[in-house]
Every structure is written in C-alpha cells, then in structure tokens.
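Comments concern the structure below.
Order of listing sets the numbers, starting from 1, for every ligand and every atom in it.
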Amino acid sequence: MVIPANTIAMVNMWAITHDPGIWVDPTGFEPERLLARTGGAEVDVRGGDLTLAPFGAGRRACPGANLGLATVSHWVAQLVHRFEWLPDVARPVELSEMLKLSCEMKKPLCALAVPRSGSSTT
Ligand code: HEM
C-alpha cells in the first residue's frame, strides 16, 4: 500500500477500544474490566499498552499524563464524595455516540447533583 506524501494519518482508537478480539462485550459499560483486583486486565494507560492509550504513545505522547491522572481522579473523588448523583428524569442518560474529530456523546450527559448533608460545596 502506498500512502501519499503529506497524508494526515490518525490512529483509530475507537476501533482498538471496541475490538471484540481484545475486549469481552466491548460496548458494555464495565469500568471494572480495567481493575486487576476485580479480575480485569492490567493495562498501562500511560502508553505502554496500545489496547488502551488515552494519552497516546511514543514520542508525542501526552506530557501531562501524570497530572491528568492525578487531577481527574481527584475531581471524580470529590464529586462522588460531596454530591449524591441522581438521574434527571427530564433528560435520561443516553449513551449513543457521535464521531467527530474524537468520539463524543450524541446527547449531553445530564444528572442532578445534590450536595450530601454535612458536605461543604466550596
Ligand atoms: C486526563 C487528561 C488528559 C488526557 C486524556 C490527555 C490526552 C492527550 C492525548 C491523547 C494527546 C496526543 C498524544 C499523541 O499524539 O500520541 C495529548 C497530547 C498533549 N497533552 Fe495531554 N491529556 C491530558 C492532560 C494534559 C495535561 C494536564 C497537560 C499539561 C499540563 C497536557 C499536555 C499535552 C501536550 C503539551 C500534548 C502535546 C504533546 C506533543 O505533541 O508532543 N495534557 N494529550
């Protein structure tokens, strides 16, 4: 195969992360599949394992990966700790996807965040 000069080539991460040859039930929402302690796979998300590379890999991999992992974990922990999350009946969760430059949710994810009693929201 000849790839013409100046072609912009992109890795199809969606196809890799939905490959049934790698993932059991690839479209199922099972975050625990990535936790070794719950029987999931031990995946190096920092680019050492191309079955899942949210920060890219190789020379141009994300230099902010460690900061990203620390801050996102912190935000999620704070949001779960400080709020109770309830479904928004007017806007139910719909997991359909839409392919743009990256894969996005077709409909925005909406939920009601209710401060937990005794928890300061500042
Ligand atoms: C969860 C958070 C983050 C995710 C998922 C993410 C993901 C990515 C991805 C996929 C790339 C492209 C890698 C490639 O081309 O192979 C990238 C590049 C990059 N990221 Fe991040 N990133 C995150 C946080 C950050 C943070 C916190 C910083 C800076 C403080 C940062 C700075 C950069 C820079 C400068 C590049 C370009 C690297 C280059 O082209 O050489 N990222 N990121």
Side-chain angles (χ1 to χ4, degrees):
M1 183 203 301
V2 175
I3 300 174
N6 302 318
T7 300
I8 295 176
M10 297 181 75
V11 175
N12 187 345
M13 280 313 291
W14 187 95
I16 294 171
T17 55
H18 289 74
D19 184 346
I22 297 173
W23 305 103
V24 178
D25 184 19
T27 56
F29 180 69
E30 295 168 25
E32 63 277 13
R33 71 172 83 224
L34 301 172
L35 280 179
R37 70 170 184 271
T38 55
E42 189 68 63
V43 179
D44 172 14
V45 293
R46 290 181 174 85
D49 182 340
L50 293 182
T51 56
L52 185 72
F55 299 101
R59 289 186 190 177
R60 301 302 296 268
C62 177
N66 287 334
L67 183 61
L69 285 167
T71 49
V72 172
S73 305
H74 180 72
W75 295 337
V76 172
Q78 287 287 331
L79 290 170
V80 171
H81 180 67
R82 291 175 183 269
F83 296 92
E84 186 179 357
W85 292 89
L86 302 171
D88 180 350
V89 282
R91 289 167 294 183
V93 173
E94 218 257 83
L95 294 178
S96 307
E97 299 168 342
M98 184 170 52
L99 195 57
K100 292 187 170 176
L101 183 58
S102 62
C103 193
E104 298 179 12
M105 293 186 80
K106 204 178 259 177
K107 299 212 175 119
L109 179 62
C110 296
L112 303 177
V114 182
R116 293 187 192 278
S117 57
S119 176
S120 153
T121 52
T122 54

Check: Any donor-acceptor pair under 3.5 Å linking the side chain of R33 with the backbone of D25?
Finding: yes

Next item on the list: For atom 10 (C) of ligand 1, grab the closest protein heavy atom and report residue, atom and distance to one decimal in Å.
Entry: P54 O, 3.2 Å

Margin query: Just to confirm my output: which protein heavy-atom neighbour is closest to atom 29 (C) of ligand 1, and how far is it?
Written below: G64 CA, 4.1 Å

Notebook entry, point to check: Which residue and non-hydrogen atom of the protein lie closest to atom 33 (C) of ligand 1, and at what distance in Å?
Noted result: P63 CD, 3.5 Å

Margin query: Measuring only between side-chain heavy atoms, which start at C-beta, is I16 closer than 4.5 Å to L50?
Written below: no

Note to self: Using a 4.0 Å cut-off to any heavy atom of G56, which atoms of ligand 1 qualify?
What the structure shows: 10 (C), 13 (C), 16 (O)

Notebook entry, point to check: Side-chain heavy atoms under 4.5 angstrom apart, residues restricted to Ile, Leu, Val, Met, Phe, Trp, Tyr: same cluster for L34 and I22?
Noted result: yes

Next item on the list: Verify, without hydrogens or angle tests, whether H18 (side chain) and W14 (backbone) share a donor-acceptor contact under 3.5 angstrom.
Entry: yes

Check: Side chains of R82 and R116: does their closest heavy-atom pair fall under 4.5 Å?
Finding: no

Next item on the list: Compare every heavy atom of E94 with every heavy atom of M105, then report the nearest pair and how far apart it is.
Entry: CE-O, 3.6 Å

Note to self: At less than 4.0 angstrom from any non-hydrogen atom of L67, what atoms of ligand 1 do you find?
What the structure shows: 27 (C), 30 (C)

Margin query: With a heavy-atom distance limit of 4.0 Å, tell me whether C62 approaches ligand 1 through its side chain, its backbone, both, or neither.
Written below: both

Next item on the list: Pick one of side chain, backbone, both or neither for how A57 approaches ligand 1, counting any non-hydrogen atom pair under 4.0 Å.
Entry: backbone

Notebook entry, point to check: For atom 12 (C) of ligand 1, which protein heavy atom lies nearest, and how many Å away is it?
Noted result: R60 O, 4.3 Å

Next item on the list: Taking only heavy atoms of V72 into account, list the atoms of ligand 1 that are under 4.0 Å away from them.
Entry: 1 (C)

Check: Hey, is CD1 on I3 packed in by over 12 heavy atoms from elsewhere, all under 6.0 Å?
Finding: no

Next item on the list: May I ask you to identify the nearest protein heavy atom to atom 6 (C) of ligand 1, giving residue, atom name and distance to one decimal place in Å?
Entry: F55 CD2, 3.5 Å

